[in-house]
Amino acid sequence: MQCTRGLMAPAGFWKRSLDEFKRQATIAINLEGIKSPTQALPLMNFASSGDIESCKIMCDSDSGGFSSATLDFLPAKSETEPAHARFHGSISTELPPNRPDIQRSGFAAWRTRDRPATLFGKSLWDLDSYAYLALKVKSDGRKYFINVQTESIVPTDIHQHRLYAKKPDEWETVVVKIDDFVRTNHGMVVEPQKDMMTQRVRSIGIGLIDRIPGPFDLCIKEIYATNDVHGKKVAKSLVKDMLAEKKQADHEPGTKTI
């Protein structure tokens with residue numbers, strides 16, 4: 001009896017399971033549980049239009065607000081303008097009529113969708129062996145935040161850190177120390193603070209919560225975990241283009257967001 005082509009093909013669930021097995025085997029072979037990995041771990045790389053489908057847009061318009069947000073894919077134009085995602089729209093602080101339960105408005109965000117399951121269970125990122133998150137972005141200078149959600153006991157907890165872009169309208173690599181993220185819930189800093197559950201990261205994304213009416217525009221090339229404070233990638237196979245060096249910015253403590 002001959003197996004069907006569909007059963008033989010390592011696609012879907014079985015392909016994801018095989019990829020996860022390879023990842024865990026690589027960690028064991030390289031002793032990354034004992035020593036820090038030298039290769040960066042890609043979390044999001046907007047290399048094709050299909051990568052946009054793995055992200056979810058959130059905006060106050062979902063509850064009657066008047067802000068707008070879109071995440072588009074832009075193909076590469078040159079070596080200095082790589083393929084990337086463009087997060088753009090307009091912020092409005094106008095409150096929706098007939099909704100007395102809503103006291104403030106004016107936010108937009110995107111995050112990665114939950115990754116499909118594998119034979120080993122939920123697909124989660126393990127960042128426990130990494131010290132930094134690095135993001136290659138081109139910002140308009142507005143007050144964006146990096147949002148990280150984990151499989152914690154409180155599912156609405158979000159760990160946040162300011163995205164300190166220093167070169168508006170230019171590509172740069174922003175490096176953030178993972179230990180500097182602040183635990184929040186519904187936009188408020190939670191006490192007591194607890195360390196992020198870095199072994200079980202569910203999603204990552206970026207939000208705009210400065211509540212300043214008007215257009216916004218942020219381009220994102222990639223997001224990855226690394227142990228290099230300058231955001232350099234040791235593994236050449238991950239991305240061909242070299243990332244610009246950038247010193248780690250001091251984070252802004254006690255920040256609140258929606």
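This chain uses plain numbering: 1 for the first residue, then up along the sequence.
- Listed for the Arg142 side chain is no donor-acceptor partner under 3.5 Å among the backbone atoms of Asp217.
- Results of the side chain to side chain donor-acceptor pair (under 3.5 Å) test with Asp60 over Ser92, Ser68, Ser67 single out Ser67 as the only residue that passes.
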Worksheet item: Can you check side chain to side chain contact (heavy atoms under 4.5 Å, CB included) on Thr156 and His186, steps first, answer last?
Response: CA-CA 7 Å; Thr156 53; His186 294 292; 4.1 Å; yes
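- Using a 4.5 Å heavy-atom cutoff, the side chains of Val148 and Ile158 are not in contact.
- No chain of hydrophobic side-chain contacts below 4.5 Å, direct or via other Ile, Leu, Val, Met, Phe, Trp or Tyr residues, connects Leu71 to Met58.
- Contact between Cys55 and Met44 at its shortest, heavy atoms only, is SG-CE, 4.0 Å.
- The nearest pair of heavy atoms linking Pro96 to Ile102 is CG-CD1, 3.7 Å.
- Using bins of under 30°, 30° to 60° and over 60° for the plane-to-plane angle, the ring pair Phe181/His161 lands in the tilted bin.
- Asn147 CG to Arg111 CZ: the interatomic distance, rounded to the nearest 0.5 Å, is 10.5 Å.
- If you take CZ on Arg86 and SG on Cys219, they are separated by 6.5 Å, rounding to the nearest 0.5 Å.
- Of the charged side-chain nitrogens involved, at least one lies within less than 4.0 Å of a carboxylate oxygen, so that Arg99 and Asp101 count as a salt-bridged pair.
- No side-chain heavy atom of Asn45 sits less than 4.5 Å from a side-chain heavy atom of Ile223.
- Contact of the Tyr132 side chain with the Asp228 side chain is not registered, since no non-hydrogen atoms from C-beta on lie closer than 4.5 Å.
- In summary, the side chains of Asp72 and His88 do present a donor paired with an acceptor at a separation below 3.5 Å, with no hydrogens or angles considered.
- A side-chain donor-acceptor contact under 3.5 Å links Asn227 to the backbone of Ala131.
- Under 3.5 Å, the side chains of Gln199 and Asp126 contain no donor-acceptor pair of N or O atoms.
- In this structure, Lys221 NZ and Leu74 CG are separated by 12.5 Å, a value rounded to the nearest 0.5 Å.
- Contact check for Leu43 versus Leu127: side-chain heavy atoms found under the 4.5 Å cut-off.
- Criterion: ILVMFWY side-chain heavy atoms under 4.5 Å apart, direct or through other members. Under it, Ile204 and Val176 are part of a common hydrophobic cluster.
- Atom CG of residue Asp180 and atom CZ of residue Arg162 lie 14.5 Å apart, to the nearest 0.5 angstrom.
- Annotation: the span from Lys194 atom NZ to Met196 atom CE amounts to 14.5 Å, rounded to 0.5 Å.
- Pairing each heavy atom of Leu95 with each of Phe66, the nearest pair is O-CE1, 3.8 Å.
- A chain of hydrophobic side-chain contacts below 4.5 Å, direct or via other Ile, Leu, Val, Met, Phe, Trp or Tyr residues, connects Ile52 to Leu135.
- The same ILVMFWY cluster, assembled from side-chain heavy atoms under 4.5 Å apart, contains both Leu41 and Ile146.
- Looking at Phe46 and Pro82, their side chains never come closer than 4.5 Å, going by heavy atoms from C-beta outward.
- Salt bridge annotation for Glu81-Lys138: present, with a cationic side-chain nitrogen under 4.0 angstrom from a carboxylate oxygen.
- Under the 4.5 Å side-chain heavy-atom criterion for ILVMFWY residues, a single connected hydrophobic cluster contains both Phe73 and Ile206.
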Fill in: Test log, rule side chain to side chain contact (heavy atoms under 4.5 Å, CB included), inputs Val137 and Leu218
CA-CA 7 Å; Val137 298; Leu218 176 71; 4.3 Å; yes
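- The shortest heavy-atom contact between Arg113 and Glu53 is NE-O, 3.3 Å.
- Applying the ring-ring contact (aromatic ring centres under 6.0 Å, His included) test to every pair with at least one member in residues 188-220, sequence neighbours left out, gives these pairs: Phe87-Phe216.
- Closest approach of Gly231 and Thr226 over heavy atoms only: CA-CG2, 4.4 Å.
- Considering only heavy atoms from C-beta on, Arg202 stays 4.5 Å or farther from Thr150 through its side chain.
- Shown here for Glu172 and Lys167, the closest heavy-atom pair between the two residues is OE2-N, 2.8 Å.
- Proximity of a side-chain donor or acceptor of Arg183 to a complementary backbone N or O of Asp157 within less than 3.5 Å is not detected.
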Discussion item. Arg115 vs Leu124, test: side chain to side chain contact (heavy atoms under 4.5 Å, CB included). Steps then yes/no.
Written reply: CA-CA 7 Å; Arg115 301 163 69 200; Leu124 302 171; 5.6 Å; no
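- Residues Ser139 and Leu163 have side chains not in contact (no heavy-atom distance under 4.5 Å, counting atoms from C-beta outward).
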Practice prompt. Begin with the C-alpha distance, continue with both residues' side-chain angles, and end with the deciding distance and a verdict on side chain to side chain contact (heavy atoms under 4.5 Å, CB included) for Tyr130 and Thr198.
Written response: CA-CA 9 Å; Tyr130 296 89; Thr198 52; over 6 Å; no
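- The structure places CG of Asp51 at 4.0 Å from OG of Ser48, a figure rounded to the nearest 0.5 Å.
- By the 4.5 Å heavy-atom criterion applied to side chains, Ile178 and Leu133 are counted as neighbours.
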